[in-house]
Amino acid sequence: MVLEDQRFIHEDLERLEQAIADRVAEEPRNIRERLARDHEVAHFLNRIDEQSKRLLEIYKSTDGEREREIQSISTGDQFEEFYKKLDEVKDFHKRYPNEPLENLERAYKRRVPGEGESTGMEIDTMFTGEEGYGQFVDLTRLHDQYLNLPGIKRVSYTQYLDIFDAFTPPHMPIKRSNKLSDKYFQYVGELANYLEEFIKKARPLQDQTKIFAAFDEEFEKQWAANEVPGWIEEKTSNGTSGPKTEGSGEGIWCADCEKEFKNENVYKNHLTGKKHIRAAEARKAAGDSGEQTPSANAGASASHRFKERAVAEREHRVRSLAKALENERQATKINVERRQGMTERERQMELEAMLAESENLGGDQGNESDEEGEDRIYNPLKLPLAWDGKPIPYWLYKLHGLGVEYSCEICGNYVYMGRRAFDKHFSEALHIFGLKCLGITSNTNLFREITKIEDAIRLWEKLEQDRRKDRDLKDNVVQMEDAEGNVMPERIYLDLQKQGIL
């Protein structure tokens, strides 16, 4: 029944939108709950996309089934059509008596811990302990692969976090020709795949397809313009293409050793060395010799350039992903340095604390056993908690006036509970910042007990007037007398004297 499918999809879309709105309206308490919510919302968004495509196909109705069903309902015998559809439904349930019904209201209902289905279990298994629910990256395995590459100098894990996206000298000592090996190609590919998967796990609501497409588009432009770092080709003297050195571009370039020489004599002596001879023989064995026929040489060059492009694409993907994960990268470095300064016992205690917190958040809150009922705090009056985690006595609550609300307009109508908190807030940063916004920058102690903006401005203007009067009085303290016996303030006397009147 096409119309029933259409109605069902419309209902599904509305319930999906409501489910997303319910989850976005709630503020998660920690990063674990936020990730669980974001992944659930991302799942709902994907289902909305799928259902919308199905609904659009029904409305297009390329086979005409929808129009025929509407025609049969609107022009034929309505009761006959109704009983016909009813018989089809009964026949379906006779053939499939145990077919479960899809309850949309229950499917998208927000699950609360303790209702039989624990939330966030996928999040617990999605990240490793080192990743900390997407706060840090875990490159320990890739660091080991990096150290096993030929020609790599041994670096610590913290140093590797700084250079894992650097593929040009001096951070990457591997020659350009050696980068075409299967081992290096596999390493760069696994590094790029890990960073991609990490972004998908840590940022489920981002449009990863659009982000990755932008990376590919940027690489295509750089490759076409011959601007990919470490893979730039330049024309040699004989018209063929050759790898460009990362140096200044001046001097003599040795294609066999991939090295630039500033002095011609040094270059000539280099040609007779054992290292150059071995490199030339290896290059000749690899099919990069100039003795081949033009067609064979062109084919080998094209195949060689194709391999270089595949490696360069993966390196560019790693650089782009590392730039997108710069915050997580710096946080990882700080966390690794912090953990290195801890003892084994301290690290074990930190791990146990994280596991305990995860267990408490996962299922302990929803249990309603008798033991937890005894531990539950009874606080119907919403009294503040004391140092032992229990509500303070009601008489103490009344004695300190904690039930009285004090509002301060200067603090943005913030409400303080109790006289003590109200008196304390006059010396806190929020109240002082509010006074500065009104132009009151000095003598803030004079504005205690003033909570209205109008009163504060009026008092500040009064203080400014008093300051001006004090300055005028100070100027009139010293009196001067001229030759005719006229007495006047010193300032006026000096002005008249400069003008030559006296």
Side-chain angles (χ1 to χ4, degrees), residues 19-20 22-47 110-111 113 117-146 157-158 160-165 188-215 317-340 342 347-363 365:
I20 293 175
D22 293 340
R23 285 155 178 78
V24 173
E26 295 183 358
E27 188 66 24
R29 294 173 297 177
N30 48 55
I31 187 173
R32 178 179 180 274
E33 291 187 357
R34 180 184 66 78
L35 278 174
R37 182 200 66 180
D38 290 351
H39 277 278
E40 201 169 11
V41 170
H43 172 70
F44 291 159
L45 291 174
N46 291 334
R47 182 167 175 81
R110 187 178 64 85
R111 298 186 181 94
E117 297 184 23
S118 58
T119 60
M121 293 307 295
E122 295 181 0
I123 303 300
D124 294 334
T125 58
M126 188 177 295
F127 296 94
T128 65
E130 293 292 333
E131 290 175 337
Y133 295 114
Q135 299 179 82
F136 319 111
V137 293
D138 183 8
L139 300 178
T140 53
R141 182 178 60 84
L142 293 162
H143 175 232
D144 293 337
Q145 290 188 18
Y146 174 81
Y157 183 55
T158 53
Y160 176 72
L161 291 173
D162 289 330
I163 66 171
F164 73 84
D165 61 333
V188 181
E190 291 186 8
L191 179 58
N193 290 335
Y194 171 79
L195 296 177
E196 284 185 14
E197 291 300 323
F198 183 85
I199 286 186
K200 292 178 182 178
K201 294 186 298 182
R203 306 173 185 177
L205 294 183
Q206 282 190 354
D207 190 356
Q208 281 99 12
T209 304
K210 184 177 180 181
I211 295 175
F212 299 153
F215 294 161
R317 178 63 66 94
V318 171
R319 279 192 294 267
S320 302
L321 292 168
K323 187 176 181 180
L325 293 170
E326 184 62 27
N327 294 334
E328 288 81 357
R329 180 183 188 173
Q330 296 300 326
T332 303
K333 186 178 179 181
I334 295 173
N335 183 59
V336 170
E337 293 174 348
R338 179 184 65 85
R339 290 176 62 87
Q340 286 177 350
M342 299 169 61
R347 284 195 287 267
Q348 187 66 26
M349 292 174 63
E350 183 182 36
L351 180 60
E352 291 176 357
M354 291 179 60
L355 292 175
E357 181 182 0
S358 176
E359 291 175 359
N360 291 333
L361 290 174
Q365 294 177 354

Peer 1: How long is the span from the OH atom in Tyr133 to the CZ atom in Arg32, to the nearest 0.5 Å?
Peer 2: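 Between Tyr133 OH and Arg32 CZ, I get 5.0 Å after rounding to 0.5 Å.
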Peer 1: Could you tell me whether a side-chain N or O of Asn335 sits under 3.5 Å from a main-chain N or O of Ala331, the two making a donor and an acceptor?
Peer 2: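 Judged by distance alone, no pair lies under 3.5 Å.
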Peer 1: What distance do Leu35 atom CG and Phe127 atom CZ have between them, rounded to the nearest 0.5 Å?
Peer 2: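 Between Leu35 CG and Phe127 CZ, I get 5.0 Å after rounding to 0.5 Å.
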Peer 1: Where is the tightest heavy-atom contact between Pro204 and Ala42, given as atom of each residue plus distance?
Peer 2: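 Pro204 and Ala42 have their closest heavy atoms at O-CB, 3.7 Å.
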Peer 1: Should the pair Phe164 and Tyr160 be assigned to parallel (<30°), tilted (30 to 60°) or perpendicular (>60°) ring geometry?
Peer 2: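 It falls in the tilted class, 30° to 60°.
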Peer 1: Measure the spacing between OG1 of Thr140 and CD of Gln145 and express it to the nearest 0.5 Å.
Peer 2: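 The CD atom of Gln145 is 10.5 Å from OG1 of Thr140, to the nearest 0.5 Å.
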Peer 1: Grab the two heavy atoms, one from Met126 and one from Glu131, that are nearest each other, plus how far apart they are.
Peer 2: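 Scanning both residues, the minimum pair turns out to be O-OE1, 4.3 Å.
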Peer 1: Could you report the tightest heavy-atom contact between Val137 and Tyr157, atom names first, then the distance?
Peer 2: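 Here Val137 and Tyr157 meet closest at O-OH, 3.9 Å.
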Peer 1: First locate atom CD of Glu40, then atom NE2 of His43, and finally report the distance between them rounded to the nearest 0.5 Å.
Peer 2: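 If I round to the nearest 0.5 Å, the distance is 8.0 Å.
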Peer 1: For the residue pair Val41 and Leu45, establish whether any side-chain heavy-atom pair is separated by less than 4.5 Å.
Peer 2: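 In contact.
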Peer 1: Quick one, Leu325 and Arg203 - any side-chain contact, counting heavy atoms below 4.5 Å?
Peer 2: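 A side-chain contact exists here, since the closest heavy-atom pair is under 4.5 Å.
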Peer 1: Kindly indicate whether the side chain of Asp138, heavy atoms from C-beta on, has any atom under 4.5 Å from the side chain of Phe198.
Peer 2: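 A side-chain contact under 4.5 Å is absent here.
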Peer 1: For the residue pair Lys333 and Thr158, what are the closest heavy atoms and their distance?
Peer 2: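 Taking every non-hydrogen atom into account, CE-O, 4.5 Å.
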Peer 1: From Glu328 CD over to Leu195 CG, what is the distance, rounded to the nearest 0.5 angstrom?
Peer 2: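 Between atom CD of Glu328 and atom CG of Leu195 there are 10.5 Å.
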Peer 1: What distance do Tyr194 atom OH and Leu321 atom CG have between them, rounded to the nearest 0.5 Å?
Peer 2: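 Result: 12.0 Å between the selected atoms.
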Peer 1: Picking from Lys323, Arg319, Arg329, what satisfies side-chain hydrogen bond (donor to acceptor under 3.5 Å, both in side chains) with Asp165?
Peer 2: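 That would be Arg329.
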Peer 1: Should Glu26 and Arg37 count as an ion pair when the cut-off is N to O under 4.0 Å?
Peer 2: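 So Glu26 does not pair with Arg37 through a salt bridge.
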